**Q** 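The structure's right below; bear with me while I get my questions together.
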There are 2 protein chains.
Amino acid sequence: MNSASDSLIETILERMRAEGGRITQKRIRIIQALAEFDHPASADKIRQSAGLAETDLVTVYRNLEALHGIGAVQRIPLENGTQLFELTVPGEHYHHLICRECHQAERLDLCVGKEVLGRAKAHGYSQITHVMEVYGVCKDCDDHS
Amino acid sequence: MNSASDSLIETILERMRAEGGRITQKRIRIIQALAEFDHPASADKIRQSAGLAETDLVTVYRNLEALHGIGAVQRIPLENGTQLFELTVPGEHYHHLICRECHQAERLDLCVGKEVLGRAKAHGYSQITHVMEVYGVCKDCDDHS
DNA sequence: ATGTCTGCAAATCCTTTGCATTTTA
DNA sequence: TAAAATGCAAAGGATTTGCAGACAT
């Protein structure tokens with residue numbers, strides 16, 4: 001891709017090694033696929049995007065779990081009970097505007113992190129994360145219906 | 001309970017009637033149980049709290065869905081893929097601070113709705129909703145680990 | 001060599017659906 | 001009486017687990 005995501009990928013791989021994980025081809029492709037997304041994606045979408053259509057979804061889930069375990073992936077629960085996965089760049093996170101119909105997703109430059117963190121700490125909570133995703137129907141889909 | 005929740009319950013029942021729904025004993029007890037909670041709860045917890053231990057969970061889910069349909073109940077997705085339910089004043093919604101370990105959830109008086117709505121409309125989106133939930137580990141759970 | 005990954009199958013959990021029966025209005 | 005709610009059983013979908021064989025270091 002580009003040098004930015006390359007160095008992110010390298011950082012993740014190093015941490016994975018440090019934690020005793022192995023660097024397999026599938027794992028690399030999954031990380032690359034995650035790095036290419038600019039929005040959260042489902043395990044199945046990640047599998048497709050990684051060119052692993054023939055790979056068992058279990059393997060994708062296990063890799064996502066392993067990545068989550070080293071803090072490289074964030075899980076995002078949705079309204080319908082499923083979850084999405086997103087590569088976590090230390091010190092950064094994004095929110096999105098997602099079309100319910102065509103699933104197009106645009107990044108929203110909006111940050112409530114600071115406020116949320118303060119509030120959560122005031123309640124005695126630690127290890128704070130937050131999820132914020134905005135859903136709607138985009139203009140194209142609205143016109144076509 | 002008190003006059004505030006009584007009037008909320010009455011409002012909900014009227015709305016339910018207006019939509020062609022029937023007012024059954026179980027439905028009333030489910031709404032009352034929801035009204036007594038000051039935080040989101042699982043379908044099973046709601047069933048217990050409503051004194052409907054013998055009632056099929058399906059019935060609880062269907063009632064929660066019906067209430068959601070008239071805007072009286074909000075669904076809150078958890079990180080583990082399950083969901084909690086909370087009574088809401090029709091037209092309003094809340095955000096929460098949820099413990100990853102004990103799943104305790106408290107309401108957060110914080111909403112980015114206005115900002116989000118403007119942003120989404122500027123992008124040409126309609127029928128906007130948003131999910132925002134904050135996850136962490138509460139003090140009790142942190143102490144016990 | 002040793003511990004980690006992968007695949008296959010089956011299990012699990014929460015939630016939803018189908019259909020016959022009961023209840024509300 | 002007609003439409004809606006309920007119960008039971010079974011299905012559904014996303015995710016997880018067990019175990020044997022394959023792979024990375």
Side-chain angles (χ1 to χ4, degrees), chain A residues 12-33 40-48 50-70 72-86 103 131, chain B residues 12-33 40-48 50-70 72-86 98 100 103 105:
Chain A
I12 291 168
L13 292 180
E14 278 171 27
R15 182 169 312 179
M16 183 62 82
R17 283 193 201 91
E19 296 288 330
R22 273 83 196 269
I23 310 304
T24 67
Q25 280 309 304
K26 299 190 180 200
R27 176 158 292 171
I28 290 173
R29 299 182 77 162
I30 287 168
I31 295 170
Q32 288 174 332
S42 68
D44 190 52
K45 283 266 169 48
I46 290 163
R47 172 172 65 171
Q48 286 179 257
L52 299 176
E54 70 292 337
T55 297
D56 199 307
L57 250 193
V58 179
T59 297
V60 179
Y61 277 110
R62 281 197 270 230
N63 272 283
L64 291 169
E65 172 54 30
L67 290 166
H68 180 255
I70 62 169
V73 157
Q74 185 174 353
R75 310 171 92 109
I76 291 146
L78 296 190
E79 293 170 313
N80 66 3
T82 65
Q83 52 186 340
L84 302 181
F85 303 85
E86 183 173 37
H103 302 127
V131 166
Chain B
I12 290 168
L13 292 180
E14 279 172 27
R15 185 78 169 272
M16 184 62 82
R17 285 193 199 92
E19 298 287 331
R22 274 86 196 267
I23 310 304
T24 66
Q25 279 309 305
K26 299 191 179 198
R27 178 157 292 169
I28 290 173
R29 297 183 78 162
I30 287 169
I31 295 171
Q32 287 174 333
S42 68
D44 191 53
K45 282 265 171 48
I46 291 163
R47 172 171 65 170
Q48 287 179 258
L52 298 176
E54 309 303 311
T55 298
D56 199 307
L57 249 193
V58 179
T59 297
V60 179
Y61 276 111
R62 281 198 270 230
N63 271 284
L64 291 169
E65 171 54 28
L67 291 166
H68 177 71
I70 63 171
V73 157
Q74 179 184 347
R75 312 171 93 107
I76 291 110
L78 298 190
E79 283 183 323
N80 67 3
T82 65
Q83 52 188 335
L84 302 181
F85 302 85
E86 179 176 33
I98 305 166
R100 277 193 203 90
H103 298 162

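Throughout, protein chains are lettered first and strands after them, A, B, ... in sequence-line order, and every chain is numbered starting at 1. Only a predicted model underlies this, so the values are computations on that prediction, with no experimental measurement involved. Keep in mind that the numbers below use all heavy atoms, side chains included, and drop hydrogens, waters and symmetry copies.
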**Q** If you assign each of G20(A) and Q83(B) to its closest nucleotide in DNA chain C, which residue comes earlier from the 5' end?
**A** G20(A)
**Q** Quick one: L67(A) CG to dC5(C) C1', roughly how many Å, whole number?
**A** 13 Å
**Q** Would you mind telling me which residue lines up with the more 5' stretch of DNA chain C, N63(A) or A43(B), judged by nearest nucleotide?
**A** N63(A)
**Q** Rounded off to whole Å, could you give me the CD1-to-P distance for the I30(A) and dT4(C) pair?
**A** 18 Å
**Q** Check side chain to side chain contact (heavy atoms under 4.5 Å, CB included) between Q74(A) and all other residues, then give those that pass, not counting sequence neighbours.
**A** T88(A), T129(A)
**Q** Once side-chain hydrogen bond (donor to acceptor under 3.5 Å, both in side chains) is applied, do any residues pair with T59(B), and if so which ones, sequence neighbours excluded?
**A** none
**Q** Just call it for E65(B): base, sugar-phosphate, or nothing, with non-hydrogen atoms closer than 4.0 Å on any strand.
**A** nothing
**Q** Testing the basics here: between V73(A) and H68(A), what is the closest heavy-atom pair and its distance to 0.1 Å?
**A** O-CD2, 3.0 Å
**Q** Using a heavy-atom cut-off of under 4.0 Å over every strand shown, decide if T55(B) touches base, sugar-phosphate, or nothing.
**A** sugar-phosphate
**Q** Would you say a side-chain N or O of T59(B) is under 4.0 Å from OP1 or OP2 of dG7(D)?
**A** yes
**Q** Stepwise, does the side chain to side chain contact (heavy atoms under 4.5 Å, CB included) test hold for K26(B) with R29(B)?
**A** CA-CA 5 Å; K26(B) 299 191 179 198; R29(B) 297 183 78 162; 5.8 Å; no
**Q** Please list, chain by chain and in numerical order, all residues satisfying side-chain hydrogen bond (donor to acceptor under 3.5 Å, both in side chains) with S42(A), sequence neighbours excluded.
**A** none
**Q** Sequence neighbours excluded, which residues qualify as side-chain hydrogen bond (donor to acceptor under 3.5 Å, both in side chains) partners of R75(A)?
**A** E65(A), Q83(A)
**Q** Starting at atom CD1 of I70(B), determine the distance to atom P of dA4(D), rounded to an integer number of angstrom.
**A** 14 Å
**Q** Checking R27(A) now: which residues fulfil side chain to side chain contact (heavy atoms under 4.5 Å, CB included) with it, not counting sequence neighbours?
**A** M16(A), T24(A), I31(A), N63(A), A66(A)
**Q** Taking 4.0 Å as the cut-off, does a side-chain nitrogen or oxygen of K26(B) come that near to OP1 or OP2 on dG7(D)?
**A** yes
**Q** Within the 4.0 Å limit for protein heavy atoms, which parts of nucleotides 18-25 of chain D are touched? Write it as a string from 5' to 3', B for base, S for sugar-phosphate only, - for none.
**A** B-----BS
**Q** Take the protein atom CD1 of I28(A) and the nucleotide atom P of dC5(C), then report the distance between them rounded to whole Å.
**A** 13 Å
**Q** Between P on dG3(C) and CD on E19(A), what's the gap in Å once rounded to a whole number?
**A** 18 Å
**Q** Calculate the interatomic distance between I76(B) atom CD1 and dC14(C) atom P; express it in whole Å.
**A** 17 Å
**Q** Distance check needed: dA14(D) P versus L57(A) CG, whole Å only.
**A** 9 Å
**Q** Check every strand shown and say whether D44(A) touches a base, only sugar-phosphate, or nothing at a heavy-atom separation below 4.0 Å.
**A** nothing
